[in-house]
Amino acid sequence: MRNWAGNLEYAAAAVVRPESAQELAEFVAGAAQRGERVKALGSRHCFNDIADTGGVHVVLDRLPGGIEVDSARRTVRVPAGTTYGALGAALEREGWALHNLASLPHISVGGAVQTGTHGSGIASPALASAVTAIELVRASGELDRLDAASGEEFLGSVVGLGALGIVTALELAIEPTYRVRQQVFEGLPWDAVLADFDAVAGDAYSVSLFTDYAGDTVPHAWRKVRVGAGEDGSAGAAPASFFGAAPAGRPRHPLPEMDAGNCTQQLDVPGPWLDRLPHFRHEFTPSAGDELQTEYLLPRARAAEALCAVRTLAARLAPLLYVSEVRTVAADEFWLSPSYRQDSVALHFTWKPLQREVEAILPELEDALAPFGARPHWGKLNAMPSAAIAALYPRFEDFRSLVARRDPAGVFRNAYLDRVLG
Ligand SMILES: Cc1cc2nc3c(=O)[nH]c(=O)nc-3n(C[C@H](O)[C@H](O)[C@H](O)COP(=O)(O)OP(=O)(O)OC[C@H]3O[C@@H](n4cnc5c(N)ncnc54)[C@H](O)[C@@H]3O)c2cc1C
C-alpha cells in the first residue's frame with residue numbers, strides 16, 4: 001500500500017481489520033507480548049512516514065458503530081476511521097455542523113486529529129480543538145476513554161502522533177448548521193498584506209492567500225464568509241474590492257493552471273458549511289493529486305516578517321512550487337498541536353512531485369523561518385532535526401514521558417517516532 005501522494009510505499013508486513021474494539025484490544029495485547037509493532041492507518045494522506053510501520057497496520061473500517069449525535073450535549077461520537085466528508089454529511093442531515101474543516105474532506109477524523117490538521121480562520125483553532133473525548137486501545141490492550149476530566153493526559157493525547165494508542169472513536173463538539181459564502185479575489189497587493197496582515201486574514205470567517213511569493217501581488221485570496229443565523233445570505237455580499245484585489249469573474253482552482261471543477265462552489269453563492277469550508281469537493285481528487293506538501297506554523301504576530309523572509313526565496317522556490325497557501329489558526333491547549341498556545345499563521349507549500357529536489361531546498365526554507373520559531377506540520381515533509389522540533393514545544397518532554405509511561409515496549413513506535421522522540 002502507498003500513501004495518497006504515492007511518494008511512500010508502506011513497509012507493513014500485514015494489515016489487520018478488527019471487527020470490534022475488543023478484537024482490536026486483544027490483537028494489540030498479543031502484539032505487545034510477541035514484541036510486534038502496530039500502527040493505525042487512517043486515510044493515508046500524510047506525506048512523510050508518520051503512518052508507516054515495519055510491523056502490522058491496523059485499518060478501522062470494519063469496527064461497528066455509527067455516527068451518534070447527542071443534541072442535548074451538542075456533541076457527536078464518531079468512529080475514528082470516518083472521513084470528515086461522511087461526518088459532515090451526517091451532521092448536516094441532522095442540522096449540525098463543525099467549527100471548521102481542512103482544505104479537503106477526504107481525510108479520516110482519527111488521523112487528522114492525531115497530526116493537528118487545521119483549516120483557516122483567525123478565530124478558528126485546529127480541528128482537534130473540537131475533541132471533547134477520545135476512546136482508545138492502549139499498548140497494554142486496555143480500552144480507555146479520555147476527556148477533559150482526565151486532565152493533563154487528555155491534553156497530551158489528542159494530538160498524539162499515533163504514539164499513545166489506537167483511537168477507536170472520538171467525541172466532537174458540534175454547533176447548529178450554518179451557511180458560508182465563498183469568494184475568490186485576484187491580485188491582492190503584497191503591500192496591503194504586509195501593512196496589516198491581521199486585517200486581511202481576519203476580514204472573514206476563513207481567509208486563505210495563494211501565492212508563489214513572486215511579484216507585487218498575491219494572485220488569489222479565498223474569502224469564506226459565515227452567513228449569520230436568520231440571514232438570507234445576501235447580507236455582507238462580496239465587496240467590490242478586497243484590500244485592492246478584484247473579485248474573480250469565474251471559479252478558480254488554487255493551482256493557477258488547473259480547472260476549478262474539483263473545487264467547492266465560489267462566486268459568493270451561499271451553501272452549507274461542509275460544501276464551502278473545504279477548497280475541494282469530496283467526490284473528486286483534491287488539489288493536484290500528483291504533489292508533495294510542506295507546512296510551517298509560527299506566531300501570527302510575526303506573519304509579515306516571515307512572509308518577507310520567504311519572498312526573498314521566491315526565485316529559488318519557483319521551479320519546485322505549484323503554489324503556497326497562507327492561512328491562520330487560533331491557539332489551542334494540546335501539547336503537540338502546532339498552534340499550541342500560539343495564534344498562528346500557517347505557510348503551506350504544495351510542491352511538484354520532485355522529492356529529492358524538494359528535500360534539498362527545505363533546509364534553506366527552514367533557515368529562513370527559524371527566527372520565527374516555525375513548527376512543521378506533523379504529517380508533511382520537513383527537514384528539521386528532532387532536537388530543533390522538540391525545542392519548539394514547551395510540553396515536549398512531558399509528551400515524551402507520557403509515551404514512555406503508556407507504551408514502554410514501543411508497540412506503537414515506528415521509525416518516525418523513533419526519530420522525533422529519540
Ligand atoms: C491534498 C491534501 C490536502 C491537505 N490539506 C490539509 C489542510 O488543509 N490542513 C492540514 O492541516 N493538513 C492537510 N493535509 C494533511 C492531512 O490532513 C494530514 O496528513 C492528516 O493526518 C491526514 O489524515 P489521515 O487519516 O490520512 O492520516 P494518516 O496519514 O493515515 O495517519 C496519520 C497519523 O495518524 C495516525 N492515526 C491515524 N488513525 C489513527 C487512529 N485511529 N488512532 C491513532 N492514530 C491514528 C497514524 O498512525 C499516523 O501516525 C492535506 C493532505 C493532502 C493529501
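Counting convention: from 1, in listed order, for ligands and their atoms alike.
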Counting both backbone and side chain atoms, is some N or O of [X] under 3.5 Å from an N or O of ligand 1?
X	result
K39	no
E291	no
A102	no
W4	no

Just one of R395, R138, R145 clears the salt bridge (charged side-chain N to carboxylate O under 4.0 Å, His left out) bar with E153, so which one? R138
Starting from [atom], which protein heavy atom do you reach first, and at what distance in Å?
atom	value
atom 9 (N) of ligand 1	H118 O, 2.8 Å
atom 24 (P) of ligand 1	S43 OG, 3.3 Å
atom 25 (O) of ligand 1	S108 OG, 2.6 Å
atom 44 (N) of ligand 1	Q114 CG, 3.5 Å
atom 42 (N) of ligand 1	V167 N, 2.8 Å
atom 15 (C) of ligand 1	K380 CE, 3.7 Å
atom 38 (N) of ligand 1	G111 N, 3.6 Å
atom 31 (O) of ligand 1	A51 CB, 3.7 Å

Determine the sole option in H348, Q293, H279 for which the side chain to side chain donor-acceptor pair (under 3.5 Å) test with E325 is passed.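 Of all the options given, the one that passes is H279.
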Which of the atoms of ligand 1 are close to [X], meaning less than 4.0 Å from one of its heavy atoms?
X	value
T115	18 (C), 20 (C), 21 (O), 32 (C), 33 (C)
G162	44 (N)
L60	41 (N)

Please state which part of [X] comes within less than 4.0 Å of ligand 1, counting heavy atoms only: side chain, backbone, both or neither.
X	value
R327	side chain
H377	side chain
F47	side chain
I50	both
T117	both
L161	backbone
R44	backbone

Going from [atom1] on [X] to [atom2] on [Y], what distance comes out if it is rounded to the nearest 0.5 angstrom?
X	Y	atom1	atom2	answer
W190	T211	CH2	OG1	4.5 Å
L255	D212	CG	CG	11.0 Å
I67	R93	CD1	CZ	7.5 Å
R300	T328	CZ	OG1	6.5 Å
L24	L63	CG	CG	6.5 Å
Y416	I50	OH	CD1	4.0 Å

Within-shell test, H279 vs ligand 1, heavy atom, strictly < 4.0 Å: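 Flag not set, H279 not near ligand 1.
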Touching ligand 1 at all, G165? Heavy atoms, strictly under 4.0 Å?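 For ligand 1, residue contact (heavy atoms, under 4.0 Å) with G165 is present.
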Do [X] and [Y] sit within salt-bridge range, that is, some charged N less than 4.0 Å from a carboxylate O?
X	Y	answer
K352	E291	no
R226	E175	yes
D52	K39	no

May I ask you to check whether S43 and W4 show a side-chain donor-acceptor distance below 3.5 Å? no
Hey, are D332 and S129 close enough side-chain-wise for a donor-acceptor pair under 3.5 Å? no
Specify whether Y296 and F349 have parallel, tilted or perpendicular ring planes, treating 30° as the upper limit for parallel and 60° as the lower limit for perpendicular. perpendicular
Got a sec, which pairs hit ring pair (Phe, Tyr, Trp, His ring centres under 6.0 Å) with one end in residues 372-396, sequence neighbours left out? W378-Y393
Nearest to [atom] by heavy atom, [options]: which?
atom	options	answer
atom 35 (C) of ligand 1	A40, A80, A163	A40
atom 6 (C) of ligand 1	P79, S103, G160	S103
atom 2 (C) of ligand 1	H45, E295, Q293	Q293
atom 19 (O) of ligand 1	C46, A346, G379	C46
atom 3 (C) of ligand 1	L104, D49, V38	L104

Kindly indicate, with the supporting measurements, whether the criterion ring-ring contact (aromatic ring centres under 6.0 Å, His included) is fulfilled by Y178 and H99. CA-CA 10 Å; Y178 54 91; H99 76 285; 9.5 Å; no
If you count heavy atoms of other groups shown closer than 6.0 angstrom to CZ of R316, is the number above 12? no
